[in-house]
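First up is the structure itself, then whatever we jot down about it.
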Amino acid sequence: MARVQRTIWSFRSLYRGCCVVLLCCFSATFAVAQKPLKTLLVDVDHRAATSLDGDWHYLVDSTGRNLYSATGEVRDNGYARNERPVLVGERNGSQEYDFSTAPTLKVPGDWNTQDPTLFRYEGVLWYQRDFTYQPKPDMRTFLHIGAANYRSYVWINQKRICEHEGGFTPFDCEVTGVLHSGNNFVVIAVDSTRLADGIPGLITDWYNYGGLTRDVSLVDVPMAFVDDFDVHLKPGTMDSLAGYIHVEDATEGTPVTIRVPEADLVATVKTDASGRANFNLSAKKLDLWSPESPKLYKVQIEAGQDRLTDDIGFRDIRVDGTRILLNGKPVFLRGVNAHAEAPYRTGRVSNDKDVEAIFGFLKEMNANFVRLCHYPQDERMTRMADRKGVMVWSEIPIWQHISYDKPSVYAKADAMLHEMVRRDRDKASVILWSVANETPDNSTRTEFLKNLVVETHKLDSTRLVTAAILQPDNPGKTKKLTDPLAQALDVVGVNEYVGWYSYVPEEVDDIGFELPQKPIIISEFGAEAKAGNHGPKVQRWSEEFQLDFYRHNFAMLSKIPQIRGYAPWVLMDFRSPTRNIPVLQDGFNRKGLISEDGKRKQAFFLLQQIYKDGTYGKAE
Ligand code: GCU
């Protein structure tokens with residue numbers, strides 16, 4: 001028996017051996033076929049889509065062994081197969097997991113605030129759900145994922161269809177060829193592990209919420225479809241529109257029609273060999289978008305079989321010396337920073353209620369500008385900004401230290417930049433693209449970011465490019481900003497914390513700044529206060545201290561002639577892994593003007609008044 005046993009074992013291991021070899025060469029072949037995601041659908045919220053939001057089963061894979069092989073390759077034979085355990089009879093290779101009886105998580109949403117056992121979990125978590133689908137003739141289907149933090153791997157019906165890196169931008173995977181008529185299932189492994197070569201890097205001053213944090217849907221499009229378009233006010237005009245429409249897989253000469261019915265505008269142009277059709281439209285009169293009148297026009301695009309509509313505002317934003325001009329007039333940005341931390345419930349912003357609450361605070365504060373820090377936020381935010389007339393600073397998460405010396409990391413930054421710009425190119429409210437926040441002043445970093453600035457201008461010539469530079473706290477009462485990155489920027493963001501991280505508030509009144517002769521936005525300044533914590537103004541973490549900080553900081557900053565905007569740090573208290581003073585912080589950065597549960601601190605009302613009166617800061 002033993003000898004027979006051994007022969008069987010040796011046959012099994014031989015068979016297994018072949019399987020593994022087979023699998024590797026299969027996944028290798030597959031991997032080779034797995035080129036970076038080419039298609040990125042735009043204006044998805046105006047396309048007919050089948051939502052896959054709701055309850056998804058989940059399994060925690062804290063070792064990651066069901067996702068990555070020993071050598072780090074992605075495994076297709078792990079949980080991706082969505083098989084059932086064999087309960088009776090020979091095990092036959094079946095594995096020990098079962099999505100069908102597993103608990104569920106809401107999508108969209110981070111997993112950390114949905115299940116206390118997952119609050120501090122960083123690693124691989126598997127999502128699975130069934131869905132029925134009727135593929136339509138002559139149509140292609142894409143799985144659209146609004147965002148998933150941080151790396152995600154997607155299978156449909158056991159076929160791996162795509163993977164993506166980056167926690168804050170959308171991606172689309174073609175599933176036309178793998179869908180069944182009727183029952184289907186999707187399995188998505190999301191790995192929120194922080195990476196040294198990631199963007200952001202290993203350390204952030206915000207909570208690393210993991211999961212399918214934004215909407216997931218199936219989107220049908222014709223064989224040739226609009227995957228990118230740009231309709232903007234022709235620079236230097238107030239009544240002409242220009243731009244392009246790109247039709248994926250269109251044959252050259254495909255007619256494309258763009259209509260703006262309310263402005264009585266229509267033009268039909270033809271695609272060139274690359275699928276791009278450029279157009280110019282001159283209007284009799286256009287109501288331009290501005291915070292005072294956030295006018296949006298219905299825009300209709302027809303390209304071959306594809307039909308797309310959008311709600312777009314037209315405005316011109318430019319720099320003139322140290323001034324920022326909106327529609328030709330100097331503008332001052334009365335703003336604040338806002339993290340995508342959901343008011344009242346905490347966790348990632350992922351629904352209309354969260355967004356309405358945040359914009360309610362912005363309006364109550366008399367703000368006309370918001371810096372969406374430090375990563376592209378839910379598209380609901382920029383859509384709402386369009387409707388509410390709030391100008392937006394949108395940023396890719398190059399936060400302090402990343403691996404600037406690695407071309408592979410530059411490729412990730414470039415991909416995130418493309419995804420950010422393509423998604424929000426149609427948002428009039430977005431006036432500034434930011435490539436980074438508080439990065440080390442060395443030549444490797446500077447070259448990395450200067451290349452990104454050039455790329456941003458190439459991608460979008462209609463907006464301004466910026467970055468937030470940490471004001472060096474050099475000795476003496478004159479703070480000089482000499483960072484060479486500033487030369488490459490249209491608008492310079494300056495983060496300064498004098499009165500909090502150095503000095504005390506009353507010592508800053510006579511501090512001066514030597515800043516570039518460019519439009520300056522104070523992109524961060526702030527102090528901590530625990531809501532309801534009161535005491536003498538010298539007592540840090542008291543509301544009185546925070547109020548006093550702002551009084552002195554505004555007096556100090558208002559002496560800088562080229563300031564064209566303020567963005568205090570920060571609208572609301574937000575979770576951070578680096579804030580661990582019990583009672584005063586309890587895992588929250590407390591520099592909010594409002595607490596995480598909506599309590600307005602004294603400083604909030606100071607800002608509200610300053611922004612109402614326009615006390616500090618001149619547009620020219
Ligand atoms: C930095 C940084 C923020 C951080 C803030 C703070 O400047 O950009 O992300 O939260 O300061 O220290 O509170």
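Counting convention: from 1, in listed order, for ligands and their atoms alike. Heads up: numbering here begins at 1 and tracks the sequence.
- Of the options Arg422, Arg425, Lys427, a salt bridge (charged side-chain N to carboxylate O under 4.0 Å, His left out) to Glu379 is made by Lys427 and by none of the others.
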Hey, what polar pairs (N/O, under 3.5 Å) does ligand 1 make with protein?
unit_1: ligand 1; atom_1: 7 (O); unit_2: Glu438; atom_2: OE1; d: 3.2
unit_1: ligand 1; atom_1: 7 (O); unit_2: Glu438; atom_2: OE2; d: 2.3
unit_1: ligand 1; atom_1: 7 (O); unit_2: Glu524; atom_2: OE1; d: 2.6
unit_1: ligand 1; atom_1: 8 (O); unit_2: Asn437; atom_2: ND2; d: 2.8
unit_1: ligand 1; atom_1: 8 (O); unit_2: Glu524; atom_2: OE1; d: 3.1
unit_1: ligand 1; atom_1: 8 (O); unit_2: Glu524; atom_2: OE2; d: 2.7
unit_1: ligand 1; atom_1: 9 (O); unit_2: His374; atom_2: NE2; d: 2.7
unit_1: ligand 1; atom_1: 9 (O); unit_2: Trp399; atom_2: NE1; d: 2.9
unit_1: ligand 1; atom_1: 10 (O); unit_2: Asp205; atom_2: OD2; d: 2.5
unit_1: ligand 1; atom_1: 10 (O); unit_2: Trp569; atom_2: NE1; d: 3.4
unit_1: ligand 1; atom_1: 10 (O); unit_2: Asn589; atom_2: ND2; d: 3.4
unit_1: ligand 1; atom_1: 11 (O); unit_2: Tyr497; atom_2: OH; d: 3.4
unit_1: ligand 1; atom_1: 11 (O); unit_2: Glu524; atom_2: OE1; d: 3.3
unit_1: ligand 1; atom_1: 12 (O); unit_2: Tyr501; atom_2: OH; d: 2.6
unit_1: ligand 1; atom_1: 12 (O); unit_2: Arg579; atom_2: NH2; d: 3.0
unit_1: ligand 1; atom_1: 13 (O); unit_2: Trp569; atom_2: NE1; d: 3.3
unit_1: ligand 1; atom_1: 13 (O); unit_2: Arg579; atom_2: NH2; d: 3.4
unit_1: ligand 1; atom_1: 13 (O); unit_2: Asn589; atom_2: ND2; d: 2.8
unit_1: ligand 1; atom_1: 13 (O); unit_2: Lys591; atom_2: NZ; d: 2.6

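- Only one option out of Asp61, Val190, Asp191, Val60 pairs with Leu125 in a side chain to side chain contact (heavy atoms under 4.5 Å, CB included); it is Val60.
- Residue pairs meeting the ring-ring contact (aromatic ring centres under 6.0 Å, His included) criterion with at least one partner in residues 433-454, sequence neighbours excluded, are Tyr404-Phe448, Tyr410-Phe448.
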Worked check of side-chain hydrogen bond (donor to acceptor under 3.5 Å, both in side chains) between Asp205 and Ser576: CA-CA 5 Å; Asp205 188 21; Ser576 163; 2.4 Å; yes

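- The environment of Lys612 atom NZ is sparse: at most 12 non-hydrogen atoms of other residues, nucleotides or ligands sit within 6.0 angstrom.
- In this structure, Arg371 fails the cation-pi test against Trp569, since its NZ or CZ atom is not both closer than 6.0 Å to the six-membered ring centre and inside 45 degrees of the ring normal.
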